[in-house]
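As the structure lists them, so they are numbered: ligands from 1, and atoms in each ligand from 1. Atoms considered below: every heavy atom in the structure, side chains included; atoms not considered: hydrogens, waters and symmetry mates.
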Amino acid sequence: MQVVETISEVRRIRRVGPGSWGLVPTMGFLHAGHLALVARARQENNHVGVSIFVNPTQFGPQEDLAAYPRDLARDLAQLEAAGADLVWVPAVEEVYPPHFQTYVSVEEAARPLEGAARPGHFRGVATVVAKLFNVFQPDRAYFGQKDAQQAVVIQRMAADLAFPLDVVVCPTVREPDGLALSSRNVYLTPEQRAAAPVLYRALCAARDAWQAGERAGGRLRRIMADVLAAEPLARVDYVSAADPLTLAELEAEAEPPRGVLLSMAVRIGRARLIDNILIADADP
Ligand code: PAF
C-alpha cells in the first residue's frame, strides 16, 4: 500500500499498470462502514484508492471541523489490512491551493434537508468530490447510503458533468441495536449512546407503516416524530418522507409516490446524527 500526499504522486501511481480503479473518498477516522466500501471496491476493481481528507469547505463556521476525530495511524493500519493499494492524504493547500476560487454547486437536490440545515455543505462536498474524481480518475467511486442526500447530490453531479465513472452507493452498516455507524458517534456519552438507536426505531416505524400501505407523507413524518418525542435526549432537526430522486416532501394530494426516502437529523448531546431508510418503488 502506498501512502502519498501530492496530486502528482497519485497521478503517477494511477498511470502504472492496467486494470480498473475503485475510489473510496473518506474523511478518515474509519469504521466498519468505510471498510465495507473498501471491501466492495476491492471486489469490483483491480486497484483500490482511498482518500483521507477532512474537507474544510463542507463544514459551517459553527460546526466541528477543528474537533472532527482523527487517527491517521489507525486508519492506515485498517486500510492496509483491507487491501487498499493507494491512500491519498493531502494537506489542505494541496486540495485548495492559494487563490482557489472554483466551486461545484448542485442546485435542487442540495437545497432541502441537510442542505437547508447546513448552508454551503453540499457545495463543499461536490467541489472536493469533483476534485477527487479528477485526481484519481477512478472507474467506480463508492459512497455510503447513510449519507443519502450526499449520494443523490454526487450522482447528479457525476451525471451532469459527465464524469466517466460509476457512483456506487453501498448499504448503511449498523450496530446490532440499529445505530448507523458514523465517525461522529464518538461524541456520544454512554447515556446518549443508549438513547441513539431511537433514530432507527423511528425510521423502522415509518417503514412498517409504508409497508402496511401508508402513502401520506404527513402521516409518515408524524410516526417518526412521535417515536423520537418519546426519547428525552433527542432534539429533532428534521424528519422527512421525500421522493427518493427529487427529495421533495411527499404530500397527500400528490401522484402515488415512486418510493420514499425516510430520513432525519437528530441532536443527541453534541452529536448531530443523521440516518435514513430508502424504499424503492419496487419494494412492498
Ligand atoms: O462522506 C464523507 O466522508 C465526505 O462527505 C466525503 C464524501 C469524503 C467528501 O469529503
For atom 7 (C) of ligand 1, the closest protein heavy atom turns out to be Q150 NE2, 3.5 Å
With atoms numbered from 1 as shown, which atoms in ligand 1 lie under 4.0 angstrom from a non-hydrogen atom of Q58?
4 (C), 5 (O), 9 (C), 10 (O)
May I ask you to check whether T26 has an N/O atom sitting below 3.5 Å from an N/O atom of ligand 1?
no
Does the pair E63/R272 count as a salt bridge with the N-to-O cut at 4.0 Å?
no
Any salt bridge between D177 and R193, counting N to O under 4.0 Å?
yes
Using distance alone, determine whether N55 and ligand 1 share an N or O pair under 3.5 Å.
no
Honestly, for I154 the part within reach of ligand 1 (heavy atoms, under 4.0 Å) is neither
Relative to W210, does R215 satisfy both conditions: NZ or CZ under 6.0 angstrom from the six-membered ring centre, and within 45 degrees of the ring's axis?
yes
How close does the nearest protein non-hydrogen atom get to atom 3 (O) of ligand 1, and which residue and atom is it?
M27 CG, 3.6 Å
Can you sort out which atoms of ligand 1 are near V128, meaning under 4.0 Å from one of its heavy atoms?
9 (C), 10 (O)
Can you tell whether the side chains of K146 and E114 come within less than 4.0 Å, N to carboxylate O?
no
Near P25, which atoms of ligand 1 are under 4.0 Å from a heavy atom of that residue?
8 (C)
Return a table of donor-acceptor pairs under 3.5 angstrom between the side chains of residues 64-78 and protein atoms on other chains or two or more places apart.
from	atom 1	to	atom 2	distance (Å)
D64	OD1	R184	NH2	3.1
D64	OD2	R184	NE	2.9
D64	OD2	Y187	OH	2.8
R70	NH1	L65	O	3.3
R70	NH1	Y68	O	3.0
D71	OD1	R74	N	3.2
D75	OD1	F29	N	3.3
D75	OD1	L30	N	2.9
D75	OD2	F29	N	2.9
Q78	NE2	L30	O	3.4

NZ/NE/NH1/NH2 to OD/OE distance under 4.0 Å, R201 and D275:
no
